[in-house]
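In what follows, every heavy atom counts, from backbone to side chain, and hydrogens, waters and symmetry copies are set aside.
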Amino acid sequence: GIPAAIVNGATPSVHPATLGQQGYSSIKAIKGTISKVDMSVDLSLSGNTYTATITVSSSIGLNNHQLRAVAIEHPINYTSAPGSNGETHFPWVPRLNMVNQGVFAEAFTLAAGQSKTFEYTFAKNSAWQAGKISLSAYV
């Protein structure tokens, strides 16, 4: 499939497969716009425990939105390919979904002007490379 996105609550009117043919007009139309949702993301390590702290703020009301957060390892390089396709370089590998393992998201609602902070802790995995773990979070 071809990925698609919603930016600032708007779906580009051009199908992703034809973006180039359309001169990227739908992307140019939203370029430079400022999101009404702001996120602060922090990941810290103390001993063998990571703490992910995510604060979501919004100038508009958010009703039943979803927060998703994933621990990412970047990059993973192997001296020989671990699989059959010859690949040895793996960028941005998802290692752990921090939010509810069953649905992979946490629902939340904010009134305009409000903020909410989410905190998740998880154990450091000995297979992960030190200093290469980061946090990806999105609403």
Side-chain angles (χ1 to χ4, degrees):
I2 298 170
I6 296 173
V7 179
N8 290 339
T11 304
S13 59
V14 177
H15 189 276
T18 61
L19 276 173
Q21 297 165 358
Q22 302 296 321
Y24 299 95
S25 59
S26 61
I27 292 174
K28 290 176 183 175
I30 58 175
K31 182 181 176 183
T33 60
I34 297 172
S35 177
K36 293 174 176 39
V37 179
D38 186 45
M39 294 179 66
S40 168
V41 178
D42 181 65
L43 182 64
S44 61
L45 177 63
S46 178
N48 287 322
T49 302
Y50 282 100
T51 300
T53 305
I54 304 160
T55 301
V56 179
S57 305
S58 180
S59 62
I60 61 170
L62 301 176
N63 186 25
N64 198 30
H65 278 59
Q66 305 286 316
L67 173 70
R68 292 177 170 83
V70 180
I72 304 290
E73 185 172 354
H74 173 73
I76 299 175
N77 293 304
Y78 295 93
T79 52
S80 60
S84 60
N85 66 358
E87 293 288 331
T88 58
H89 176 73
F90 297 86
W92 310 110
V93 178
R95 286 301 202 181
L96 176 72
N97 179 19
M98 278 166 259
V99 185
N100 181 329
Q101 293 294 307
V103 296
F104 304 109
E106 184 167 341
F108 70 97
T109 297
L110 287 178
Q114 273 191 322
S115 295
K116 181 172 175 100
T117 298
F118 303 84
E119 188 171 282
Y120 307 101
T121 59
F122 58 99
K124 179 181 174 186
N125 185 310
S126 61
W128 300 348
Q129 299 175 74
K132 294 194 175 186
I133 301 297
S134 60
L135 176 62
S136 175
Y138 56 98
V139 173

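Looking only at side-chain heavy atoms (C-beta outward), I54 and M98 stay at 4.5 Å or farther from each other. For the pair P82 and F90, the minimum side-chain heavy-atom distance is below 4.5 Å. Counting only heavy atoms from C-beta outward, the side chains of P75 and K132 approach each other to under 4.5 Å.
Of all non-hydrogen atoms in S57 and S115, the two that sit nearest each other are OG-OG, 2.6 Å. Shown here for V41 and A137, the closest heavy-atom pair between the two residues is CG2-CB, 4.2 Å. Nearest heavy atom pair, residue A52 against residue L135, reads CB-CD2, 3.9 Å. Contact detail for S80 and T88: the closest heavy-atom pair is C-CG2, 3.8 Å. In terms of heavy atoms, A71 sits closest to I133 at CB-CG2, 4.3 Å. Of all the heavy atoms in V70 and P94, the pair that sits closest is CG1-CB, 3.8 Å.
Residues T51 and T121 bring no donor and acceptor atom of their side chains to less than 3.5 Å of each other.
Annotation: the span from T117 atom OG1 to D42 atom CG amounts to 11.0 Å, rounded to 0.5 Å. Atom CE of M39 sits about 10.0 Å away from atom OH of Y138, to the nearest 0.5 Å. For the atom pair CG (N48) and CG (N125), the distance works out to 10.5 Å, reported to the nearest 0.5 Å. Separating the CG atom in L110 from the CG atom in N64 is a distance of 11.5 Å, to the nearest 0.5 Å. In this structure, the separation between OH on Y120 and CZ on F122 is 12.0 Å, given to the nearest 0.5 Å. Distance check, rounded to the nearest 0.5 Å: CD of Q114 to CD1 of I60 gives 13.0 Å.
By the rule that hydrophobic residues join a cluster once side-chain heavy atoms approach within less than 4.5 Å of another member, W128 and Y78 end up as members of separate clusters. L43 and V139 fall within the same hydrophobic cluster, where Ile, Leu, Val, Met, Phe, Trp and Tyr residues are linked whenever their side-chain heavy atoms come under 4.5 Å apart, directly or through other members.
The aromatic rings of F118 and F108 stand perpendicular to each other, their planes meeting at an angle above 60°, with 30° marking the opposite boundary.
No side-chain donor-acceptor contact under 3.5 Å links Q129 to the backbone of E73.
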Step-by-step side-chain contact (heavy atoms from CB on, under 4.5 Å) determination, I76 to R95: CA-CA 11 Å; I76 299 175; R95 286 301 202 181; 3.2 Å; yes
